[in-house]
Amino acid sequence: MAGRFSPYKFDPSAAVDDHSLALLLEAARWAPSAGNSQPWGFFTSRPGEREHERVVRHLAPSSARWATDAGLLVVTLARRYVGDTRLLYSEFADYDLGQAVAHLTVQGQAMGLDAHQFRAFDLEGLTKELCPDPGWVIVSMIALGKAAEEPSASRDRRSVADLRSAPWSLSE
Ligand SMILES: Cc1cc2nc3c(=O)[nH]c(=O)nc-3n(C[C@H](O)[C@H](O)[C@H](O)COP(=O)(O)O)c2cc1C
């Protein structure tokens, strides 16, 4: 897990083939979810496909610099609401989507595919473009491919002790 990192450079010549794409989605499919609601959806596209152009045009300049070169772009969606109401479809929809994405990215790492998740895109524009069904919301994107750089030496993480103590630090 410590070897995983989010690249800011992808090898544009490293394609993600159909078999690899199917394995990534297969991994996401097996994630646990509240009540087995499976409230996740994925819009996938690869360079050269028409769908890729539909997504790339909504990237922010900051992510377009590296995400465009990735062999696969995944738009992640959660089924957050019941139809076009504001009633929650599941209290855990976003949590469950995150877990499905974790499954997908760990599977990718095992296959030599690096992933960079991101929010740097025009959410409103992409939503209009892809027009998801009522109740579904776009949450994030993932660029997957072969990293064309090494991880930075300073990948900062909170300590294990802090993970356990920080939520109660105010009462001390
Ligand atoms: C939900 C989410 C949104 C993110 N949004 C962005 C983003 O918009 N731009 C970006 O460069 N990185 C984005 N990241 C990547 C994080 O910045 C990165 O995971 C974090 O700095 C830790 O680095 P590492 O993944 O290399 O360990 C995002 C990651 C997640 C999980």
Side-chain angles (χ1 to χ4, degrees), residues 1-60 62-80 89-90 92-123 126-127 129-133 135-152 155 157:
M1 293 297 177
R4 183 210 56 78
F5 75 110
S6 304
Y8 281 101
K9 218 173 198 186
F10 286 94
D11 177 354
S13 69
V16 174
D17 61 22
D18 291 348
H19 179 65
S20 300
L21 174 54
L23 281 177
L24 293 170
L25 296 175
E26 182 69 10
R29 201 165 79 86
W30 287 105
S33 58
N36 202 21
S37 51
Q38 305 171 61
W40 44 65
F42 304 100
F43 183 89
T44 67
S45 68
R46 293 171 288 187
E49 295 175 350
R50 200 181 75 80
E51 289 78 7
H52 196 252
E53 284 162 33
R54 292 179 66 198
V55 170
V56 160
R57 70 171 78 113
H58 299 287
L59 295 179
S62 64
S63 58
R65 274 195 287 278
W66 42 269
T68 313
D69 282 341
L72 173 66
L73 281 178
V74 180
V75 179
T76 82
L77 297 100
R79 188 173 192 177
R80 197 182 283 160
Y89 171 75
S90 164
F92 295 102
D94 289 68
Y95 179 100
D96 291 342
L97 168 64
Q99 191 148 216
V101 170
H103 274 57
L104 185 155
T105 56
V106 170
Q107 175 68 36
Q109 191 179 359
M111 292 156 46
L113 288 174
D114 302 288
H116 193 146
Q117 301 180 47
F118 62 100
R119 168 59 185 88
F121 57 87
D122 172 8
L123 177 60
L126 187 60
T127 301
E129 178 81 45
L130 302 184
C131 213
D133 279 347
W136 288 88
V137 293
I138 294 172
V139 176
S140 66
M141 286 183 59
I142 319 168
L144 289 119
K146 195 168 159 14
E149 63 171 2
E150 295 298 317
S152 102
R155 294 186 54 247
R157 285 299 188 271

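Starting from 1, each residue takes its place in the sequence as its number. Note that this is a predicted model, so its numbers are computed, not measured.
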Would you say [X] and [Y] make side-chain contact, with heavy atoms under 4.5 Å?
| X | Y | answer |
| --- | --- | --- |
| H58 | S63 | no |
| T76 | W40 | no |
| E149 | F5 | yes |

Below 4.0 angstrom, N of the basic side chain to O of the carboxylate: do [X] and [Y] qualify?
| X | Y | result |
| --- | --- | --- |
| R80 | D94 | yes |
| R29 | E26 | yes |
| D18 | R46 | yes |

Return yes if some donor-acceptor pair links the side-chain N/O of [X] with the main-chain N/O of [Y] below 3.5 Å, else return no.
| X | Y | result |
| --- | --- | --- |
| Q117 | S140 | no |
| S33 | D96 | no |
| D114 | P7 | no |

Measure across [X] and [Y] and return the closest heavy-atom pair with its distance rounded to 0.1 Å.
| X | Y | value |
| --- | --- | --- |
| G3 | Q109 | C-NE2, 3.8 Å |
| L113 | S20 | CD1-CB, 4.5 Å |
| P39 | Y89 | CB-CE2, 4.0 Å |
| G71 | P47 | O-CD, 3.3 Å |
| A34 | F92 | CB-CD1, 3.6 Å |
| A115 | L144 | CB-CD2, 3.7 Å |

Kindly check if the number of other-residue, nucleotide or ligand heavy atoms within 6.0 Å of CZ (R155) is above 12?
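More than 12 heavy atoms, drawn from other residues, nucleotides or ligands, come within 6.0 Å of this atom.
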Next item on the list: Report the C-alpha separation of E150 and S152 in whole Å, then their side-chain angles, then the decisive distance to 0.1 Å, and conclude whether the side-chain contact (heavy atoms from CB on, under 4.5 Å) test is met.
Entry: CA-CA 6 Å; E150 295 298 317; S152 102; over 6 Å; no
*Carefully, step by step, assess E51 and L73 under the rule side-chain contact (heavy atoms from CB on, under 4.5 Å).*
CA-CA 10 Å; E51 289 78 7; L73 281 178; over 6 Å; no
Take L130 and R54 through the side-chain contact (heavy atoms from CB on, under 4.5 Å) test and state the conclusion after the steps.
CA-CA 8 Å; L130 302 184; R54 292 179 66 198; 3.9 Å; yes
Straight-line distance of [X] [atom1] to [Y] [atom2], nearest 0.5 Å:
| X | Y | atom1 | atom2 | answer |
| --- | --- | --- | --- | --- |
| R119 | S62 | CZ | OG | 10.5 Å |
| R65 | L59 | CZ | CG | 11.5 Å |
| F10 | L72 | CZ | CG | 10.0 Å |
| T127 | I138 | OG1 | CD1 | 3.5 Å |
| E129 | F121 | CD | CZ | 13.0 Å |
| L97 | R79 | CG | CZ | 14.0 Å |

* To do: Please work out whether the ring planes of W66 and H116 are parallel, tilted or perpendicular, with thresholds of 30° and 60°.
  =>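 Taking H116 first and then W66, their aromatic rings lie parallel (interplane angle under 30°).
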